[in-house]
Engineer: 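Take a look at the following structure, please.
The chains referred to below are lettered A, B, ... by the order of the sequence lines, with proteins before strands, and numbering in each begins at 1. Heavy atoms only: backbone and side chains are in, while hydrogens, waters and symmetry mates are out. This one's a predicted model, so the numbers in the text were calculated from it and none came from an experiment.
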Amino acid sequence: MSTIVSLPDQSTATLPKKNYINAEHGLLSWLLTADHKRIALLYMFSITFFFFIGGFFAGMVRLELLTPAGDLMAADTYNKMFTMHGIVMIFLFLVPSVPATLGNFFLPIMIGAKDLAFPKINLLSWYLYMAAGIFVITTLVLGGVDTGWTFTTPLSTHYLNTHVATTATGIFIAGFSSIFTGLNFIVTVHRMRAPGMTWFRLPLFVWSNYAASVLMVLGTPVLAIAIVLVALERTIGIGVFDPTKGGDPLLFQHLFWFYSHPAVYIMILPGFGVISEVVSTFTRKRVFGYTAVAFSSVAIAVFGFFVWAHHMFIMGVSNYSALVFSLLTMLVAVPSAIKIFNWAFTMQKGSITFETPMLYVFGFIGLFTIGGLTGVFLGSLGMDVMLTETYFVVAHFHFVMVGGMLMAFLAGIHFWWPKMTGRMYPEGVSKFAAVVTFIGFILTFFPQFVVGYLGMPRRYAAYPPEYQVLNVLSTAGATVLGVGYMLPLFYLAWSLKYGAIAGSNPWQATGLEWQIQSPPLTENFTETPIVTQEAYDYEWLAKKQERELQHVG
Amino acid sequence: MSIASTITHPPEPEIHPSHDVHEHPFYQKHHFETAEQQREAASFGMWLFLLTEIMFFGGLFFAYLLYRNWYYEAFVSASNSLNMPLGLINTIVLISSSFTMAMGVWSAEIRNKKYLQISLIATIVLGFVFLGIKTVEYHDKFVEHHVPGASFDIKDFVNPPKDSLEKPLTVDMANKTQIYFSLYFAMTGVHALHMIIGIAILFVLLWKARTGLYTTGYVQPIENFGLYWHFVDIVWIFLFPFLYLINRH
């Protein structure tokens with residue numbers, strides 16, 4: 001297996017004396033920082049923390065489902081478990097994961113800016129995120145919430161005596177956090193690009209984060225108002241969604257899904273960006289159809305706003321609107337497929353090397369494609385009526401979100417780890433972790449497709465005994481998956497002290513972020529760069545290296 | 001192709017004339033190249049924020065249009081129970097405050113500290129007048145039992161007072177007035193919350209304006225706050241006819 005890693009001579013190599021990590025010292029210098037890179041690290045720690053909290057609840061859910069009887073915990077405890085799993089994973093992990101960590105860190109560097117346009121608002125958005133997290137944790141301490149993450153009315157407003165209002169407040173605040181991140185990204189991309197960094201020289205990671213930011217800015221406020229109305233309905237008794245007062249619970253669903261369907265693109269689009277970066281680096285080729293990939297992000301963002309009602313096919317929308325939304329939903333498959341095909345074409349005849357990020361990318365492409373194709377099943381009106389609210393849906397969105405987004409996140413973390421910390425992660429164990437994650441994932445969620453197709457409904461603590469074999473497989477898979485997620489925690493921490501010094505460009509990649517030292521300086525660039533070349537110009541890089549070799553010879 | 005690519009690809013990024021060469025205004029942040037860039041970014045960010053606000057209120061307006069379509073009679077009756085003259089006065093108060101805020105922005109641009117302070121104080125006063133009148137209106141609704149919830153009373157709509165021109169509603173339709181009042185309180189409440197936040201920021205701006213900060217050419221915070229304040233006014237410009245004037249010709 002060939003490799004492209006070029007590390008500095010390890011006997012003499014040291015980290016740069018001056019960088020953003022050691023620029024200032026003390027806890028306060030981190031908590032009050034305006035440096036986008038430090039804020040990205042703050043996000044990374046807190047997001048990882050919440051990821052494992054959410055993972056704990058997932059584990060509890062899977063443990064309960066080991067046996068057909070609801071014997072491990074009471075049914076309402078089980079409801080709280082999957083609700084907390086959903087809320088924590090979606091609002092505190094998936095939505096902020098790539099944009100708030102990798103996006104925060106690399107978006108300004110990739111466009112040649114010294115920082116995001118509004119550094120203080122960036123810090124504020126981290127504090128809002130933490131406040132949201134505290135609300136969610138508080139809910140847990142108070143006794144949890146069991147509405148499911150969708151807060152469906154009138155269940156949430158009338159029938160459950162749990163802490164809906166507290167959780168709603170937390171999610172409202174988390175919404176502000178993501179609005180501010182999105183706003184910051186959009187303004188930064190529009191106004192802070194270095195000279196020569198035209199729109200069509202932007203790395204695809206920037207394009208996809210930009211598209212996701214548009215969704216955040218336009219979608220999140222609608223969720224915010226829906227959730228405010230739910231909270232007001234619970235606390236002071238207004239009746240916008242209350243059927244006894246003439247309100248329409250379906251209106252809540254329209255408002256909720258108007259955000260929450262685009263939200264899945266908020267979650268996945270930045271992941272697409274990571275994949276584009278990694279694919280081009282480890283195939284040594286420019287991304288095939290750069291413009292198509294860039295515009296497909298925008299197209300996904302636009303289509304994303306017109307498909308929300310496919311969540312309501314069985315809830316009383318008219319046949320005609322169901323038909324239209326079914327059609328629109330399938331249209332989203334087109335730009336997604338454009339991306340997948342373009343990555344495949346990029347790989348064709350490329351010099352592929354199998355570093356860890358690339359392994360995660362292969363995992364991503366396989367799993368996301370399955371997730372996307374099963375999405376077409378669910379978008380089809382007739383199939384959806386049969387499959388909705390079964391484990392088929394659960395498997396579908398886990399394939400997209402966990403198999404897609406989380407794989408992309410891990411690919412990105414490994415890909416940029418040398419830039420963020422100045423040190424390499426250990427290659428062997430990380431490849432092992434990637435494989436374990438992939439196997440664990442398939443074992444966890446593939447049986448759920450089958451069991452869902454057979455008719456097992458979601459959100460029940462007990463199920464008929466004939467589904468047990470598949471559920472046992474799934475729980476076993478979850479255990480393997482858990483190990484796959486724990487491993488990076490250990491070896492990445494290890495690498496902080498013992499990892500090989502990475503140097504500025506260990507992957508020999510073309511992006512601006514690889515032209516500066518690792519870890520970067522606080523202001524990223526000593527001089528504002530002037531960009532004269534398109535992103536991913538590996539042909540040029542290869543020629544340059546050839547010339548240098550001849551020169552040396 | 002090969003010639004073009006060698007020309008367009010210099011081996012190292014060129015050295016850009018350092019921004020340390022020319023003078024910075026004191027308010028320019030380190031990560032911006034020019035004060036103009038900073039101003040554009042701030043203004044663009046503010047417009048984007050207002051876009052999110054439009055989407056936020058948009059959810060409420062969507063709910064309003066839906067229910068108004070369904071329960072038109074209930075909406076007309078409930079709307080007529082509001083105090084239209086007070087609403088009109090409030091509209092005028094708010095438009096005046098928009099004017100004083102615009103004067104504030106202009107004063108900051110011509111660097112007149114005294115005018116700026118007067119304009120900001122006038123805006124604050126008008127904001128409080130608006131909230132005061134709003135409080136009176138809310139109080140009336142409490143007295144009339146027109147606040148959604150357990151104590152909500154529909155008798156005014158089923159049996160309108162003799163001297164009024166209101167058509168009596170059926171009990172079923174009269175119940176739907178709760179939706180109207182739910183939306184009334186949600187919409188005006190969220191609007192009032194925006195006013196309260198605005199007034200709080202106005203106090204901060206006034207306090208800083210005292211030091212002459214905004215009359216040195218650094219007008220961006222005043223400008224951006226002006227945009228916010230006008231936006232809040234515009235929301236009211238929609239709320240007033242939607243809530244108060246449904247059936248007046």
Engineer: Would you compute the distance between atom CG of B:Leu86 and atom OH of B:Tyr244 and round it to the nearest 0.5 angstrom?
Structural biologist: 7.5 Å

Engineer: Heavy atoms only, distances under 4.5 angstrom: which of A:Pro119, A:Ala226, A:Gly196 has the most pairs with chain B? Name it, please.
Structural biologist: A:Pro119

Engineer: Is a side-chain donor or acceptor of B:Asn175 paired with a backbone partner of A:Lys245 at a separation under 3.5 angstrom?
Structural biologist: no

Engineer: Of all of A:Asp248, A:Leu255, A:Val222, A:Ile179, which one pairs up most often with chain B through heavy atoms under 4.5 Å apart?
Structural biologist: A:Asp248

Engineer: Ignoring hydrogens and angles, state whether a donor on the side chain of A:Asp242 or A:His158 is under 3.5 Å from an acceptor on the partner side chain.
Structural biologist: yes

Engineer: Looking at chain A, which one of B:Gly189, B:Ser182, B:Gly45 has the largest number of heavy-atom pairs inside 4.5 Å, strictly under?
Structural biologist: B:Ser182

Engineer: Do you know which of A:Pro108, A:Gly219, A:Ala117, A:Ala194 has the most heavy-atom pairs under 4.5 Å to chain B?
Structural biologist: A:Ala117

Engineer: Chain B heavy atoms under 4.5 Å from A:Leu251: which part of the residue, side chain, backbone, both or neither?
Structural biologist: side chain

Engineer: Report which part of B:Tyr71 has an atom under 4.5 Å of a heavy atom belonging to chain A: side chain, backbone, both, or neither.
Structural biologist: side chain

Engineer: What part of B:Phe185 lies closer than 4.5 angstrom to a heavy atom of chain A: side chain, backbone, both or neither?
Structural biologist: neither

Engineer: Considering only heavy atoms, which portion of A:Ile236 lies under 4.5 Å from any heavy atom of chain B: side chain, backbone, both, or neither?
Structural biologist: backbone

Engineer: If I compare all heavy atoms of B:His194 with all of B:Val190, which pair ends up nearest, and what's the gap?
Structural biologist: ND1-O, 2.9 Å

Engineer: B:Phe152 versus chain A, heavy atoms under 4.5 Å apart: side chain, backbone, both or neither?
Structural biologist: neither

Engineer: Measure from the side-chain N and O atoms of B:Gln38 to the backbone N and O of B:Thr34, and report whether any donor-acceptor pair falls under 3.5 Å.
Structural biologist: no

Engineer: Counting only non-hydrogen atoms closer than 4.5 Å, does A:Ala113 touch chain B with its backbone (N, CA, C, O), its side chain (CB onward), both, or neither?
Structural biologist: neither

Engineer: Can you see whether A:Thr33 engages A:Asp35 through a side-chain donor-acceptor pair at a distance of less than 3.5 angstrom?
Structural biologist: no

Engineer: Does the side-chain hydrogen bond (donor to acceptor under 3.5 Å, both in side chains) test come out yes or no for B:Asn80 and B:Asn247, once each step is laid out?
Structural biologist: CA-CA 8 Å; B:Asn80 287 341; B:Asn247 199 30; 6.0 Å; no

Engineer: Do you know which of A:Leu218, A:Ile121, A:Asn184 has the most heavy-atom pairs under 4.5 Å to chain B?
Structural biologist: A:Leu218

Engineer: State which residue, out of B:Tyr64, B:Tyr184, B:Phe181, fulfils the ring-ring contact (aromatic ring centres under 6.0 Å, His included) condition with B:Phe75.
Structural biologist: B:Tyr64

Engineer: Given a strict heavy-atom distance threshold of 4.5 Å, which part of A:Phe525 is in contact with chain B: side chain, backbone, both, or neither?
Structural biologist: neither

Engineer: With A:Asn524, which of A:Glu513, A:Gln517, A:His36 fulfils side-chain hydrogen bond (donor to acceptor under 3.5 Å, both in side chains)?
Structural biologist: A:His36

Engineer: Name the region of A:Leu229, side chain, backbone, both or neither, that has any atom closer than 4.5 Å to a heavy atom of chain B.
Structural biologist: side chain

Engineer: Can you say whether B:Leu66 sits under 4.5 Å from chain A via the side chain, the backbone, both, or neither, judging by heavy atoms?
Structural biologist: side chain

